[in-house]
Structures are given as C-alpha cells and as structure tokens.
Amino acid sequence: MTWRHALVIDPVAADDRPADGPGADFTDTFTPIDPQAPALSVGELSTQRGDGIFESIGVVDGHPQEVGAHLDRLIHSARLCDLPVPHREQWRQAVVAAATEAPEGESVMKLILSRGVEHGPAPTAWITVASAPDFRTVRRDGVRVATLDRGLDSGAPERAPWLLLGAKTLSYAVNMAAIREAKRRGADDALFVSSDGVLLEGPTSSLILRIDGRYVTPAPGAGILHGTTQMSVFEELARRGFETAYATLPASALSQADAAWLVSSVRLAVPVTAIDGSPMPVDGELTRSINEYLLSPRD
Ligand code: PLP
C-alpha cells in the first residue's frame, strides 16, 4: 500500500465553534503531516487497546464516495463507544481537503478517531489516503465464502451493548482471524452467522442475496454494521425498479438465493461463487453494471 497523504484533526478546536453547517471554515483545525513518518504517541489507546473507531471511504479520481453516509456512521459509532461525537462539518471539510491529495484512479481514505493517549486530555483524530489495491479481478471473478459461527446469538446486541456490535471499532483482529479461518477452509472470505443461525455480514463487507427476484440484506439491528455500499446498491436497484428489503435471514436462505454479493466501500460488489463448497450462480452482467454505478461519483 502506498500512503499518499495524511492529516491530523484537532477535535477540541471545533468544540467552541457553534456553526455545524456550511459557512464555518475549519481548515485551521487540521494539519497535513508526512504520511511516511511516525506520527502516533506510544501511549495511544488506538494501538494499545484498539480503542477507537474508523471509516474507510472509497475515493475515485479524487471524489470521496458517500461522505454523508460515512460521517453518519462515524457519529453513530462514536455514540456507541462513548467517544466525543465528531463535529460533522469539521470532518466533512477534512475529508474534502484530504481527497484533493488523492491520485487518479481508486484510493482508500481512512477516518480514524481514537480515545487518545492514555490519561491524555483529548481524543486523537486523523485521516489517511492510500492507493487502493486492484480489485478488478475479484469484482469479476468473485469469492468463495465460508460461513462461520460468530459465537453470539441474535439477542446479544441488545443484551450486551458493551460488545459494540453495531460500531465500526478499530478492534478488527477477530474479523481478520475469521478471514484466515475461511482461507484454511478453502474459501476466500467469511460470512458470519449468529449461533442461532441468523445470517449477519462478512468481516469487512455486507451481504446481499437475491431470492425470487427480490434483493435482501440482513437488518442492521442484528449487531452488524449498516453498510454504506449496501444502502447505495439498494438505492440503485430501487431506481432500476427492483424490490429491496431488510430481513432476518436464516442460514437456509443461502440455498434459496440465485445470486449473492459481498459489498463494501473499496472492494465494491463481489459476487459470491460458492458457499461452504456449494456453487452459487453468478449474475455477471448485473455485477458489472452495479460496479460501474459504484465507481461513478456518488454523494
Ligand atoms: N460490515 C463490516 C464488518 C465491515 O467492516 C464493512 C466495511 O468495512 C462493511 C460491513 C461494509 O460497509 P461499507 O459498505 O460502508 O464499507
């Protein structure tokens, strides 16, 4: 990965600025830093405990995609984690500033808000921009998926909110372990299922199934992230006249589907070609046109 740009945001500087809308200028509250140089204190709670939240935004030819939806989720994650709520307009302006430094083609922009340095006075916030990996092949050829028990039942998000299941926290070690386990099982990616058999999400993506001509995705209340890409795909499918729905989907829904995708902000829509070794049909034409849509400028 080539790091192209980084900037540090001073969240405290926005506190005394009442205007949270167009008109206020926040450019003096963020500072570009050398993306190749060390920047974090050794006392950072993001690195010591994974105690923070993040967003990954796709940037296409300098245009950051779906910024509003990503900021909504960053704010939602902050609330769930008892972090100071990000100042929307400050972050929006920082995203716009960082995007001007993105190269042609596809990049990934990360927004990170950490609880800060241990015993320190303030959270730490920064944005990075890096070139995205080349996902063209996987978007066309798809992924084999292994279903994995998340080890929690579908009542866990409500019963144990401290598990932060709907927040996009920095603690992704479990998600990465799930992908390694899927690979050990001969697949390319994982799909989490609750211990009582409800379909959830991939470790870095949302699931969309097509069943009887209707596009369905697990409801975000199930302790999963509400995917910005899934929302955008549903908007586009609805514009094309297709029916879309959120649902509680049992694992048996997988065998009723005649197409399935894992969708996320940077890899975009990848067709699922097999689940636990059983082949899944691929709608190549729809996948191509959805990715074309996802690569067009979206706000
Ligand atoms: N679910 C999880 C656990 C994720 O990590 C991600 C993205 O990284 C998604 C879903 C998809 O979200 P988005 O489409 O906003 O990238």
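Every number for a ligand or one of its atoms is a count from 1 in the order of the listing. Heads up: numbering here begins at 1 and tracks the sequence.
Under a 4.0 angstrom heavy-atom cut-off, K168 registers as being in contact with ligand 1. Ligand 1 has G202 within reach: a non-hydrogen atom of the residue lies less than 4.0 Å from it. Using a non-hydrogen distance threshold of 4.0 Å, E66 does not register as a contact of ligand 1. Distances shorter than 4.0 angstrom occur between a heavy atom of S264 and an atom of ligand 1.
Counted within 6.0 Å of CG on D212, heavy atoms from surrounding residues, nucleotides or ligands total 12 or fewer; the atom is thus considered open. In the displayed structure, R49 atom CZ is contacted under 6.0 Å by at most 12 heavy atoms of other residues, nucleotides or ligands. The neighbour count for E158 CD, taken as heavy atoms of other residues, nucleotides or ligands under 6.0 Å away, does not exceed 12.
S232 and E66 form a side-chain donor-acceptor contact under 3.5 Å, judged by distance and modelled atom types alone.
Taking the ring centroids of F242 and F234, they lie at or beyond the 6.0 Å cut-off. Two rings, from H226 and Y246, have their centers less than 6.0 Å apart.
Salt bridge annotation for E201-R150: present, with a cationic side-chain nitrogen under 4.0 angstrom from a carboxylate oxygen. Remark: R210 engages D283 in a salt bridge, criterion side-chain N to carboxylate O under 4.0 Å.
Taking a cut-off of under 4.0 Å to the non-hydrogen atoms of G227, the atoms of ligand 1 that pass are 12 (O), 14 (O), 15 (O). Taking every heavy atom of S265 and a limit of under 4.0 angstrom, the matching atoms of ligand 1 come to 13 (P), 14 (O), 15 (O), 16 (O). Close contacts of ligand 1 with R73, meaning ligand atoms under 4.0 Å from a residue heavy atom, involve 12 (O), 13 (P), 15 (O). Here is the list of ligand 1 atoms found below 4.0 Å of a heavy atom in S205: 1 (N), 2 (C), 4 (C), 6 (C), 9 (C), 10 (C), 11 (C). The E201 neighbourhood of ligand 1 comprises atoms 1 (N), 2 (C), 3 (C), 10 (C), with distances under 4.0 Å to a heavy atom of that residue.
Residue contacts with ligand 1 for P203 involve N, CA, C or O but no side-chain atom from C-beta outward (heavy atoms, distance under 4.0 Å). Under 4.0 angstrom from ligand 1, the non-hydrogen atoms of T228 come from both its backbone and its side chain.
Shortest contact from atom 11 (C) of ligand 1 to any protein heavy atom: S206 OG, 3.6 Å. Given atom 14 (O) of ligand 1, the protein heavy atom at minimum distance is T229 OG1, 2.5 Å.
For the residues V174, T204, L200, V233, the heavy atom positioned nearest atom 7 (C) of ligand 1 is part of T204.
In this structure a side-chain-to-backbone donor-acceptor pair under 3.5 Å is present from Q93 to A24. One N or O on the side chain of R139 and one on the backbone of R267 form a donor-acceptor pair closer than 3.5 Å.
Taking distance alone, with nitrogen or oxygen atoms compared against 3.5 Å, Y172 approaches ligand 1 more closely than that limit.
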